[in-house]
Amino acid sequence: QVQLVESGGGLVQAGGTLRLSCVASGRTFSRMGWFRQAPGKEREFVAFIPWNGGSTYYSDSVKCRFTISKDSARNTVYLQMNSLKPEDTAVYYCAAALGLGPVGTRTYARGYDYWGQGTQVTVSS
């Protein structure tokens, strides 16, 4: 019954923007995040946000370009992606965790309990 539904992926030119959305249903979560996976690479942490307050956190590769936010009333988390680069090309996944968890688990895929289906982001040169 738990479901995470992503949308907003697509094709964009380098320097452009995209806004990803993820709607959660079925239960409540303590934190949500975004990961991405490019061909031949492991799933990579992008950003996370505590649901009930706290600091957001970003990977160094997207810091100052991406912004994670949420709309609690709509159970939705967003990823605003600015100044996109070809190296950002990947399948982007929304993830959710039941508990806030130790700090050391929040940037790893194994620290999350549920996943969306993924949405493709392609950045052309």
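Values in this document were obtained by computation on a predicted structure and should not be read as measured data.
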Problem set entry | Ser59: partners by side chain to side chain donor-acceptor pair (under 3.5 Å), with sequence neighbours left out | Ser61
Problem set entry | Residues that Asp113 engages under salt bridge (charged side-chain N to carboxylate O under 4.0 Å, His left out), provided they are two or more places apart | none
For this session: Please check if Ile49 and Leu98 belong to a single hydrophobic cluster, counting links between Ile, Leu, Val, Met, Phe, Trp and Tyr side chain heavy atoms closer than 4.5 Å.
Result: yes
Exercise. Under 4.5 Å between any side-chain heavy atoms of Val123 and Gln13, yes or no?
Worked result: no
Exercise. Quick one: does Arg31's side chain get under 4.5 Å of Thr105's, heavy atoms only?
Worked result: yes
Exercise. For Tyr92, which residues count as a side chain to side chain donor-acceptor pair (under 3.5 Å) partner, sequence neighbours excluded?
Worked result: Arg36
Problem set entry | Partners passing side chain to side chain donor-acceptor pair (under 3.5 Å) against Arg65 (at least two apart in sequence or in another chain) | Asp88
Problem set entry | Chi angles and distances behind the side chain to side chain contact (heavy atoms under 4.5 Å, CB included) call for Thr119, Val91 | CA-CA 5 Å; Thr119 184; Val91 177; over 6 Å; no
Seminar exercise, completed: Value for OG1 (Thr67) from CG (Asn82), rounded to nearest 0.5 Å, stands at 6.5 Å
Problem set entry | Any pair counted as ring pair (Phe, Tyr, Trp, His ring centres under 6.0 Å), so long as it reaches residues 63-86, sequence neighbours left out | none
Problem set entry | Results of side chain to side chain contact (heavy atoms under 4.5 Å, CB included) for Ser72 - residues two or more places apart only | Trp51, Lys70
For this session: Taking the side chain as every heavy atom from C-beta outward, state whether Pro50 and Leu100 have any pair of such atoms under 4.5 Å apart.
Result: yes
For this session: Just grab all the salt bridge (charged side-chain N to carboxylate O under 4.0 Å, His left out) pairs involving residues 50-61, residues at least two apart or on different chains.
Result: Asp60-Lys63
Problem set entry | Listed partners of Ser55 passing side chain to side chain donor-acceptor pair (under 3.5 Å), at least two apart | none
Problem set entry | All salt bridge (charged side-chain N to carboxylate O under 4.0 Å, His left out) counterparts of Arg74, not counting sequence neighbours | Asp71
Exercise. Are Leu84 and Val46 grouped together when hydrophobic residues (ILVMFWY) are joined by side-chain heavy atoms under 4.5 angstrom apart?
Worked result: yes
Taking distance alone, no hydrogens or angles, what donor-acceptor pairs closer than 3.5 Å link side-chain atoms of residues 14-23 to residues at least two apart or in another chain?
none

Exercise. Under a 4.5 Å cut-off applied to non-hydrogen side-chain atoms, are Ile68 and Met32 in contact?
Worked result: no
Exercise. Within 45° of the axis and under 6.0 Å from the centre of the six-membered ring of Tyr57, does NZ or CZ of Arg106 qualify?
Worked result: no
Problem set entry | Transitive ILVMFWY side-chain link Leu79 to Val121, under 4.5 Å | yes
For this session: Return each pair, listed once, that meets ring pair (Phe, Tyr, Trp, His ring centres under 6.0 Å) where at least one residue sits in residues 20-39; pairs must be two or more places apart or across chains.
Result: Phe29-Tyr114, Phe35-Phe45, Phe35-Tyr112, Phe35-Trp115
Table please: side-chain donor-acceptor pairs of residues 3-11 below 3.5 Å, with sequence neighbours left out.
residue, atom, partner, partner atom, Å
Glu6, OE1, Gln117, N, 2.8
Glu6, OE1, Gly118, N, 2.7
Glu6, OE2, Cys94, N, 2.4

